[in-house]
Amino acid sequence: MFVPKLKAMTVFKNCFLLLLLSTLTLSISAQVLQPNTKPNPKVNYERLKRIDAVINEFVQQNKIIGAVTLLVKDGQVVQHQAYGIDDVETKKPMPKDGIFRIASQTKALTTVGIMMLMEDGKLLLNDPVSKYIPEFAKPVVLATFNEKDSSYTTVPAKREITIKDLLTHTSGLGYAGIGSPTMQAIYAKNRITGGVGEMTNEIDATMKRLAKLPLEVQPGEKWNYSLSTDVLGHVIEIISGMDLEAFFQKRICVPLGMKDTYFNLPAEKHARLTAINTPDSTGRLKKWANGLGIPADFPNIKKSYFSGGGGLVSTAYDYAIFLQMLLNKGTYNGITLLSPRSVELMTSNQVGALFGSGAFGLGFRIVTPAMSDELSNVGSFAWGGAFSTTYWVDPKAQLIGLFMTQQFPGTPAISELQGKFKVAVYQSLR
């Protein structure tokens with residue numbers, strides 16, 4: 001009379017083991033990007049085609065030349081497409097594996113590098129930057145500025161800059177090239193650049209000069225997009241004993257299998273570097289050869305100045321691997337770069353109300369409940385680059401979106417398209 005109970009227990013045990021195995025399999029597969037070989041039940045593929053219509057319309061209207069998009073849902077690449085052309089002169093079609101200048105998307109790798117060194121026991125977030133670059137001791141803050149000769153007066157800073165201040169852009173530093181006119185003038189006079197495409201200055205000497213210049217605001221009192229991440233990149237070099245290019249390759253890119261992310265693009269990959277476009281006086285796009293004193297092909301030119309704030313090139317797929325690692329809370333394909341807690345710190349608000357209705361973590365803009373018109377869910381994190389690339393990661397939806405084109409400066413049309421791309425993505429989810 002115990003046989004039915006034994007059978008029932010056996011069936012229950014087998015079902016439980018099957019469920020457990022299925023869960024483990026999903027967990028393991030989610031760590032690595034999976035190809036779109038079978039339909040994802042949470043995606044309406046017919047509606048997903050609207051992405052093509054939206055982007056092709058902008059290409060046909062000459063609002064962009066071309067682009068690459070990539071969408072990851074539940075660890076699966078459900079959309080990866082190239083549109084338009086790469087080069088207006090050669091009419092070369094845009095390739096899916098095109099290599100893009102990702103500018104400020106470099107900042108996320110620098111942030112990960114700093115957090116890895118923290119986990120290595122090499123630094124703490126509340127360390128003063130002067131512990132690693134002594135010239136940052138006893139900082140001063142701008143008091144008055146004379147536009148005629150770029151002279152200024154200063155007052156002592158209330159405290160020193162910390163590593164966390166740099167990670168959150170609350171250091172008080174400004175940004176060469178794109179910051180306030182006052183700080184641009186001061187930096188230009190002292191040969192401080194934005195770092196991207198820098199061919200002549202040395203990073204160590206530049207950071208030491210920067211350290212002696214006035215801060216724009218008091219440390220910790222204002223969110224101010226700045227050269228903070230370039231300073232962090234040099235801190236990585238000082239602590240690790242490697243230049244930033246070697247550190248990224250050894251500690252991040254090679255372990256994750258990112259094969260197309262570099263400061264100095266290898267010669268055999270030069271042909272895959274996409275062209276940059278810029279509007280002419282009529283608004284029509286033309287090929288950009290040189291702007292802001294930066295040669296368009298700077299990734300193909302050997303350099304030793306590595307800007308942690310903006311110097312890398314990458315592909316949509318390579319960068320998706322990096323973002324999937326963050327979505328996995330620090331692990332990818334069995335390789336752990338960071339602990340879940342460190343990723344949580346990076347993707348949670350670290351600046352209080354200094355970022356307005358939004359939030360800012362350690363290197364990322366973060367969606368808050370106050371951002372009522374934002375499509376991505378609360379807790380999503382994102383950033384982009386000056387050459388018109390952008391990304392977002394939505395942990396609740398287990399979603400990664402990447403839009404990559406090459407245009408400088410950016411235009412309202414690109415912002416509009418990036419917004420419409422996001423709409424097309426979310427309307428396709430079940």
Side-chain angles (χ1 to χ4, degrees), residues 33 66-68 70 80 82 85-87 89-90 92-110 112-113 116 194-203 229-230 233-234 236-237 240-277 287-291 294-325 332-333 335 337 385-389 391 402 404-406 408:
L33 295 184
V68 172
L70 192 148
H80 185 196
I85 59 176
D86 165 22
D87 190 315
E89 296 177 356
T90 66
K92 172 187 172 184
M94 179 66 77
K96 285 201 298 184
D97 67 346
I99 295 174
F100 294 81
R101 303 155 193 80
I102 61 173
S104 287
Q105 290 185 207
T106 305
K107 289 178 169 69
L109 275 80
T110 303
V112 166
M116 291 173 74
V196 178
E198 177 60 68
M199 302 294 173
T200 57
N201 286 320
E202 293 294 328
I203 185 73
T229 319
D230 281 59
H234 191 46
I236 289 174
E237 294 180 325
S240 69
M242 293 182 273
D243 64 45
L244 196 58
E245 180 173 55
F247 181 89
F248 280 174
Q249 289 300 314
K250 181 177 180 179
R251 298 294 304 273
I252 298 176
C253 296
V254 172
L256 293 183
M258 297 169 66
K259 300 177 181 179
D260 290 315
T261 302
Y262 301 94
F263 284 107
N264 288 309
L265 193 58
E268 65 271 18
K269 300 187 179 187
H270 283 186
R272 289 171 52 201
L273 180 66
T274 52
I276 307 180
N277 304 288
K287 193 171 181 178
W288 183 77
N290 189 312
I294 304 170
D297 63 344
F298 70 85
N300 293 345
I301 303 172
K302 185 71 174 178
K303 68 194 76 67
S304 59
Y305 188 114
F306 303 122
S307 167
L312 286 175
V313 295
S314 190
T315 61
Y317 194 88
D318 247 26
Y319 209 82
I321 290 173
F322 175 75
L323 295 178
Q324 187 66 47
M325 177 274 295
Y332 184 85
N333 197 23
I335 301 295
L337 297 192
F387 297 115
S388 303
T389 61
Y391 68 87
L402 282 150
M404 306 188 86
T405 189
Q406 295 281 260
F408 186 86

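Everything quoted here is computed from the prediction, not taken from an experiment.
With Asp86 as reference, Thr274 is the one residue of Thr274, Leu273, Val68 to meet the side-chain contact (heavy atoms from CB on, under 4.5 Å) rule.
A distance of 10.0 Å separates CD in Glu245 from OG in Ser304, rounded to the nearest 0.5 Å. With rounding to the nearest 0.5 Å, the separation of CZ in Phe306 from CG in Leu312 is 10.0 Å. With values rounded to the nearest 0.5 angstrom, Ile85 atom CD1 is found 7.0 Å from Thr90 atom OG1. The OG1 atom of Thr405 sits 7.0 Å away from the CG atom of Asn277 when rounded to the nearest 0.5 Å. Note that NZ of Lys107 is 6.5 Å distant from CG of Asp230, once rounded to the nearest 0.5 Å. For the atom pair OH (Tyr391) and CD1 (Ile102), the distance works out to 9.0 Å, reported to the nearest 0.5 Å.
You'll find the side chain of Tyr317 reaches within 4.5 Å of the side chain of Ile321, heavy atoms only. The side-chain heavy atoms of Tyr319 and Leu109, taken from C-beta on, include a pair separated by under 4.5 Å. The shortest side-chain heavy-atom distance between Phe298 and Arg101 falls under the 4.5 Å cut-off. Two residues are said to be in side-chain contact when any heavy atoms from C-beta on lie closer than 4.5 Å; Val112 and Phe322 meet this criterion. For the pair Leu402 and Leu323, the minimum side-chain heavy-atom distance is below 4.5 Å. Thr389 is listed as a side-chain neighbour of Gln406, based on a closest heavy-atom distance under 4.5 Å. Between Thr200 and Tyr305 there is no side-chain heavy-atom pair separated by less than 4.5 Å. Leu33 has its side chain within reach of Tyr332: a pair of non-hydrogen atoms, C-beta onward, lies under 4.5 Å apart.
Contact between Ser314 and Met404 at its shortest, heavy atoms only, is O-CE, 4.4 Å. Residues Gly309 and Thr229 come closest through the heavy atom pair CA-CB, 4.0 Å. Between Pro255 and Ile335, the closest heavy-atom pair is O-CG1, 3.7 Å. Of all heavy-atom pairs spanning Thr110 and Ile236, the tightest one is O-CD1, 3.6 Å. Between Ser307 and Gly194, the closest heavy-atom pair is OG-O, 3.8 Å. The two residues Pro95 and Ala82 have their closest heavy-atom pair at C-CB, 3.8 Å.
Around NZ of Lys269, the count of heavy atoms belonging to other residues, nucleotides or ligands within 6.0 Å exceeds 12.
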Between Ile252 and Met325, does the side-chain contact (heavy atoms from CB on, under 4.5 Å) criterion hold? Intermediate values first, please. CA-CA 10 Å; Ile252 298 176; Met325 177 274 295; 5.7 Å; no
For a salt bridge (Lys or Arg N to Asp or Glu O under 4.0 Å) check, start with the C-alpha distance between Asp87 and Lys92, then their side-chain angles and the critical distance, and finish with the verdict. CA-CA 6 Å; Asp87 190 315; Lys92 172 187 172 184; over 6 Å; no
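Using modelled atom types, no side-chain atom of Asp260 and backbone atom of Thr315 make a donor-acceptor pair closer than 3.5 Å. A donor-acceptor contact shorter than 3.5 Å is absent between the side chain of Asp243 and the backbone of Glu237.
Not counting sequence neighbours, the partners of Asp97 by the salt bridge (Lys or Arg N to Asp or Glu O under 4.0 Å) test are Arg272.
Ring to ring, Phe248 and Phe263 are close: their centroids are under 6.0 angstrom apart.
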